[in-house]
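The structure under discussion appears below in the form of structure tokens.
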Amino acid sequence: MRPIAVAPPADCIGTLPSADFSDAFAIDVRDATLDAPLAARRAFAEQPGWIVNLTALRNMLVRPFGLKIGADANLPNSRRIGIFPLISSTPERVVLGLDDAHLNFRIVVDVKAL
């Protein structure tokens, strides 16, 4: 199962109204029990070792510039998925993301029955 590029859903514009860039990908998953929170956890809860290592390197390099270096340690696990803060969650859509001095971003995970 390979992701395919699709047009970002029009109703996602409100998640980051002043966005300069957006893209979207879709995967056909045949699992009637899959909801958006579970899909997001499956996608982001555990990272491959190479991503963990690159993230650690990135955090070391940006620390002197005052940029965020990961999830807020005070944020409970119920308010994040992996390293990403949870902004909103419904069975159909999860919005993750954060705002920093140099970048505001959102990850939207949608699940739609076909």
Side-chain angles (χ1 to χ4, degrees):
M1 130 180 65
R2 279 185 86 56
I4 58 169
V6 296
D11 65 344
C12 285
I13 293 170
T15 62
L16 197 59
S18 61
D20 293 321
F21 175 79
S22 66
D23 60 6
F25 297 89
I27 298 174
D28 184 13
V29 177
R30 306 217 185 255
D31 181 352
T33 66
L34 186 68
D35 63 5
L38 179 57
R41 280 192 295 279
R42 285 183 181 174
F44 300 113
E46 292 190 29
Q47 298 177 337
W50 66 271
I51 292 178
V52 171
N53 292 336
L54 286 176
T55 301
L57 176 62
R58 177 248 180 224
N59 290 344
M60 185 175 56
L61 293 173
V62 302
R63 185 183 306 265
F65 302 104
L67 300 179
K68 292 183 180 178
I69 57 167
D72 180 354
N74 297 321
L75 196 62
N77 286 337
S78 63
R79 297 299 311 153
R80 67 176 170 209
I81 295 179
I83 64 168
F84 301 113
L86 179 64
I87 295 172
S88 65
S89 179
T90 68
E92 297 80 26
R93 173 173 285 171
V94 166
V95 179
L96 308 169
L98 58 82
D99 299 339
D100 202 354
H102 72 299
L103 173 73
N104 300 340
F105 79 93
R106 300 294 181 268
I107 299 171
V108 179
V109 177
D110 281 341
V111 172
K112 297 178 183 174
L114 300 177

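FYI, side chains are in, hydrogens and waters are out, and symmetry mates aren't considered; it's all heavy atoms of this structure. Remember, it's a predicted structure, so these values are computed and weren't measured experimentally. Positions are given from 1 along the sequence.
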Would you say that [X] contacts [Y] through its side chain, given a criterion of any heavy-atom pair below 4.5 Å between the two side chains?
X: P85; Y: L75; answer: yes
X: D31; Y: R42; answer: yes
X: I107; Y: F44; answer: yes
X: V62; Y: R58; answer: yes
X: P91; Y: V111; answer: no
X: L98; Y: F105; answer: yes

Requested in this report: Could you walk me through whether F25 and I4 pass the side-chain contact (heavy atoms from CB on, under 4.5 Å) test, one step at a time?
Outcome: CA-CA 5 Å; F25 297 89; I4 58 169; over 6 Å; no

Minimum heavy-atom separation for [X] to [Y], with atom names?
X: A39; Y: L34; value: N-CD1, 3.7 Å
X: C12; Y: V108; value: SG-CG1, 3.8 Å
X: T15; Y: R106; value: O-NE, 3.5 Å
X: P37; Y: I81; value: O-CD1, 4.3 Å

**Report entry** Same apolar cluster (I L V M F W Y, side chains within < 4.5 Å links), I27/L38
**Finding:** yes

Query raised in the report: Linking I/L/V/M/F/W/Y whenever their side-chain heavy atoms sit closer than 4.5 Å, directly or via other members, would V109 and F84 fall into one cluster?
Result: yes

Query raised in the report: Say you draw a straight line from CG of N59 to OG1 of T55; how long is it, rounded to the nearest 0.5 Å?
Result: 6.5 Å

Query raised in the report: When rounded to the nearest 0.5 angstrom, what distance separates CZ in R79 from CG in L96?
Result: 10.0 Å

Query raised in the report: Would you call D35 and R93 a salt bridge, taking side-chain N to carboxylate O under 4.0 Å as the test?
Result: no

Report task. Go through the steps to decide whether Q47 and I83 satisfy the test side-chain contact (heavy atoms from CB on, under 4.5 Å), and finish with yes or no. Result -> CA-CA 9 Å; Q47 298 177 337; I83 64 168; 3.8 Å; yes

**Report entry** N/O donor-acceptor pair under 3.5 Å between D100 side chain and H102 backbone
**Finding:** no

Requested in this report: Check whether any side-chain N or O of R80 sits under 3.5 Å from a backbone N or O of L86 as a donor-acceptor pair, and report yes or no.
Outcome: no

